[in-house]
Amino acid sequence: MKPTLRDVQNSMPTLAIERPRVSSGSMTELTQAERAERFEAEAMPFIDQLYGAALRMTRNPSDAEDLVQETYASAFAKFHQFREGTNLRAWLYRILTNNFINNYRKAQRRPQESSSEGIEDWQLYAAEQHSSTGLRSAEMEALDKLPDSDVKDALQELPDDFRMAVYLADVEGFPYKEIAEMMQTPIGTVMSRLHRGRKMLQGLLSDYARDRGILPAASSQEVVK
Amino acid sequence: MTENSTPSDHLDCTAFLAEVYLYLDSECDESRRAQLQAHMEQCPGCLQKYGLERTVKDLVGRCCSGERAPESLRAKVQGKIRDAVRVQSTETFATDGSSYVHTRATRIQVTRISDEEIN
């Protein structure tokens, strides 16, 4: 007796006959598969940067890993909304910062902050004097000698909002407008946080440099404020 | 208030200091940038002030970048993407009685990833 199809099927129970359906259902599935392939190819290369950002934001590796996973999951789920050819990196960072703000950021925010900060600080800053003394360039040289770990530690000490603004501007190089979108605040607030964050950072770094003996203790000629 | 303004300066130090960040972060237009730069070139105090800001910005950029994601994280993320789209290829051997026919069929199964699925 000639073997029938059924005989063949029965002898290989793990195989099943499936034919690709030519229906809109399978076209969608094909598109989704292609999209996933594209997502992997285009988004995965950013994982190191995103991890770095997550690490600086959350300040611990375990939270950073969770944040990165959440970010990729959100991004993948929304990838059909992403317009090809636009800035994928910024798009991913927006998702990352949004997830951080929603899930990880400590409630250090003062309610009045976004209204009272901004104008005042710029006026203060504008009124600053500079002294053309040699002490400033000694400071520059000393700071340049600090080990990476000191700089990371100093950044770590900044409050969340200052730290995020400084990180996005100085490490990732995003323009103010992008940072404002990521932090969901007006540009003026970003500038203010940058200013105050950098000021605080300078103070901390100078302290570290003094602790290490590579910068002399503050003398009377320098008004550090 | 300061003694550093020169006749050719359109900017004085107060104005410069108010905008030094815009220069540092390349957030002003070309003509303003040129004015700020011109002031710096004529004013050592402001130049040093800018120099310090530049130093700190570069320092942060240098020291806090270059992190690598752990391999396990990379694998997890990649795994999730691939799990979401499982491409199944099945092969069938059938016979019509006189010859064997080999068919390959591809079935694509897509699973939606939701935010709750993160372990």
Side-chain angles (χ1 to χ4, degrees), chain A residues 2-3 5 8 12 15-20 26 29-30 32-33 36 39-40 44 47-48 51-52 55-56 65-66 68-70 72-74 76-77 122 125-132 136-137 139-140 143-144 146 148 151-152 155 166-167 169-171 175-176 191 194-195 198 201-202 205, chain B residues 1-2 4 13-15 17-18 21 25-27 43-46 48-49 51-53 55-57 59-70 73-74 76-78 80-82 84-85 87-88 90-97 103 105-110 112-115 117-119:
Chain A
K2 289 170 195 166
L5 184 57
V8 171
M12 290 184 280
L15 291 180
I17 295 178
E18 307 228 36
R19 305 205 191 291
S26 84
E29 285 174 338
L30 189 62
Q32 284 173 318
F39 181 82
E40 188 181 323
M44 280 307 297
I47 195 169
D48 290 329
Y51 176 72
L55 198 54
R56 294 281 92 76
E65 292 203 27
D66 288 347
V68 169
Q69 287 190 68
E70 285 166 30
Y72 272 94
S74 309
F76 186 51
W122 287 116
Y125 196 57
E128 269 188 39
Q129 304 298 300
H130 60 70
S131 53
S132 50
R136 286 275 186 193
S137 45
E139 192 173 0
M140 276 161 63
L143 295 187
D144 264 336
L146 284 171
D148 286 17
V151 181
K152 285 179 182 162
L155 191 63
V166 171
Y167 185 84
D170 294 350
V171 181
Y176 293 171
M191 292 165 78
L194 254 184
H195 165 54
R198 282 169 172 166
L201 196 62
Q202 269 176 43
L205 291 173
Chain B
M1 258 197 303
T2 70
N4 290 324
C13 298
T14 309
L17 291 174
Y21 275 179
D25 298 327
S26 304
E27 291 278 346
C43 180
C46 283
Q48 281 195 11
K49 180 72 178 163
L52 180 62
E53 299 294 339
T55 298
V56 174
K57 183 177 167 97
L59 197 60
V60 173
R62 214 165 56 232
C63 297
C64 300
S65 62
E67 291 286 346
R68 299 293 314 263
L73 175 63
R74 185 185 296 269
K76 262 186 241 176
V77 172
Q78 210 149 32
K80 283 246 158 175
I81 299 170
R82 291 178 182 179
V85 182
V87 179
Q88 288 167 349
T90 58
E91 295 179 68
T92 326
F93 292 93
T95 178
D96 64 354
T103 322
T106 304
R107 180 165 155 236
I108 297 166
Q109 177 193 339
V110 177
R112 241 190 76 86
I113 280 190
S114 67
D115 287 332
E117 278 180 296
I118 316 300
N119 29 333

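Note on naming: letters A, B, ... go to the chains in the order of the sequence lines (proteins, then strands), and numbering restarts at 1 for each one. Fair warning: this is a prediction, and the values are worked out from it, not measured in the lab.
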query: Sequence neighbours excluded, which residues qualify as side chain to side chain contact (heavy atoms under 4.5 Å, CB included) partners of A/Ala169?
result: A/Ile179, A/Leu194, A/Arg198

Measuring from [X]:[atom1] to [Y]:[atom2], what's the distance to the nearest 0.5 Å?
X: A/His195; Y: B/Tyr21; atom1: NE2; atom2: OH; value: 6.0 Å
X: A/Glu139; Y: B/Thr55; atom1: CD; atom2: OG1; value: 9.0 Å
X: A/Phe39; Y: B/Ile81; atom1: CZ; atom2: CD1; value: 5.0 Å
X: B/Glu53; Y: A/Met140; atom1: CD; atom2: CE; value: 10.5 Å
X: A/Asp170; Y: B/Asp25; atom1: CG; atom2: CG; value: 6.5 Å

How close do [X] and [Y] get, heavy atom to heavy atom, and via which atoms?
X: B/Glu27; Y: A/Tyr176; result: OE2-N, 2.7 Å
X: B/Cys63; Y: A/Asp148; result: SG-OD1, 3.2 Å
X: A/Ile47; Y: B/Ala69; result: O-CB, 3.9 Å
X: B/Leu73; Y: A/Glu65; result: CD1-O, 3.7 Å
X: A/Tyr167; Y: B/Cys64; result: CE1-O, 3.9 Å

query: Is the closest side-chain heavy-atom distance between B/Leu52 and A/Leu143 below 4.5 Å?
result: yes

query: Side chain, backbone, both or neither: which part of B/Val56 has a non-hydrogen atom closer than 4.5 Å to chain A?
result: side chain

field: Pair B/Arg74 + A/Asp48, salt bridge at N-O below 4.0 Å
entry: yes

query: Are the charged groups of A/Asp144 and B/Arg62 less than 4.0 angstrom apart, N to O?
result: yes

